[in-house]
Amino acid sequence: MSSTQKPLLYFDNAATTVLRPEALDAMMPYLTGQYGNPSGIYKFAREARKAVEQAREQVAKAISAEAREIVFTGSGTEANNWVLSCAAQKGGHIITAATEHHAVIYVCEALEKQGVGVEVTYLPVDAMGFVSPDDLRAAIRPDTVLISIMWANNEIGTIQPIAELAAIARENNVLFHTDAVQAVGHIAVNTESIPVDFLTLSAHKFGGPKGVGALYIRKGRRLASLLYGGAQEKNRRAGTENVAGIIGMGAAIELAEAERVAEYNRLVGLRDSLIKRIEESVPKATLNGPRGMDRLPGNVNFSFDYIEGESVLLLLDMQGCCASSGSACSSASLEPSHVLMALGVPHEKAHGSIRFSMGKDSTHADIDGLMEVLPKIVKQLRDMSPLAEDDKEI
Ligand code: PLP
């Protein structure tokens, strides 16, 4: 198989997606002949500038924002780090949730340790991963400087009641940030109707290239710079722009948005079919996260009793099937997922969890392929598991 072909059975679209061919086509000239630095003042450079500005329009349109509200970054991680560390530069209280991505949680933990007077409240979630609006309201203090709650969870697909949470922040005059990395391009994300102040995006989650993200900063909101140097991005984010990456992001988001509604319905069909088939053919398998409208369309996450998620992943890999046992960054770690722990999933069950995430190239045939191997793999591992030995039902 050539390196450009998709793996046989790719169920890890929440970790990253295949680059859309149209995005690659849009990028190619800027990786080759049109290599001008967009900061230059001559015509050759101005062409690169024009293309970057067009991409900014494309990104803005996808989230009903204005182009001037979009700042390109090197990743979603960078955008999250920027908001959290700069909004709380002078100390103060931050509210976030226990199920956030590590690109939020670890920044909060680092800020708490830096001794700049930052205190963080990590809101609990219910068994499906939802933050309670009442808990948020109760956690706000006079010194709260920022609330950061993700739009949708990368592990279990829970879509937060973001409109309600953002409205609470607004009523209390507290800035509201949302990590919308898993939401943009997959479900409706509208900054006109939802009063978020900052919103994080990442190109490689919707068919764009890796290593480029963006931060939406509502007009009128100020945020100190994270990076100092050149005057790029109107002095908000120094560093020569990743021109080709930005153009790829623009092309990808436009396509993702154009296809979003049809793709949502198609993926919900695939998702619910996979959930049903696992529940029917694998005993002692528990779905993590909610069902229906409150779950990301391509996300399926199961705990399989008595076995280790990592072992399942290795055996799936041997069958050409790619999945994940948590967030991409922690899938190499032996710690159980902090998201599942926050839901109250017992330690042993959290260890036996697998995320199957589907995307634009996923098909029913992929599900057939997965279901040919998954029940056998689970059985094979349980046959070797001392924990499963006493359980006659499996
Ligand atoms: N936030 C969420 C919810 C994610 O799922 C990810 C990636 O897995 C990130 C942030 C980090 O984005 P990036 O890979 O662009 O740094």
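Counting convention: from 1, in listed order, for ligands and their atoms alike. Residue numbers start at 1 and run along the sequence shown.
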message: With a 4.5 Å cut-off on side-chain heavy-atom distances among I, L, V, M, F, W and Y, is there a chain of contacts connecting Y216 to I162?
response: yes
- request: Could you tell me whether ligand 1 has any atom less than 4.0 Å away from a heavy atom of E78?
  value: no
message: Using heavy atoms and a 4.0 Å limit, tell me yes or no: is K210 in contact with ligand 1?
response: no
For [X], the ligand 1 atoms whose distance to one of its heavy atoms is below 4.0 Å:
X: H204; answer: 13 (P), 14 (O), 15 (O)
X: Q182; answer: 3 (C), 4 (C), 5 (O)
X: M150; answer: 3 (C)
X: S75; answer: 15 (O), 16 (O)

message: When you compare the side chains of E241 and Q232, does any donor N or O come within less than 3.5 Å of an acceptor on the partner?
response: no
message: Classify the ring geometry of H177 against F198: parallel below 30°, tilted from 30° to 60°, perpendicular beyond 60°.
response: tilted
message: Any non-hydrogen side-chain atom of Y122 less than 4.5 Å from a side-chain atom of E109?
response: yes
field: Polar contact flag for G76 and ligand 1 (N/O pairs, less than 3.5 Å)
entry: yes
task: Check each heavy atom of T77 against ligand 1 and say whether those closer than 4.0 Å belong to the side chain, the backbone, both or neither.
output: both
message: Using a strict threshold of under 4.0 Å (side-chain N to carboxylate O), is an ion pair present between E263 and R266?
response: yes
- request: List the steps and the verdict of salt bridge (charged side-chain N to carboxylate O under 4.0 Å, His left out) for K360 and E259.
  value: CA-CA 9 Å; K360 82 175 184 53; E259 294 166 5; over 6 Å; no
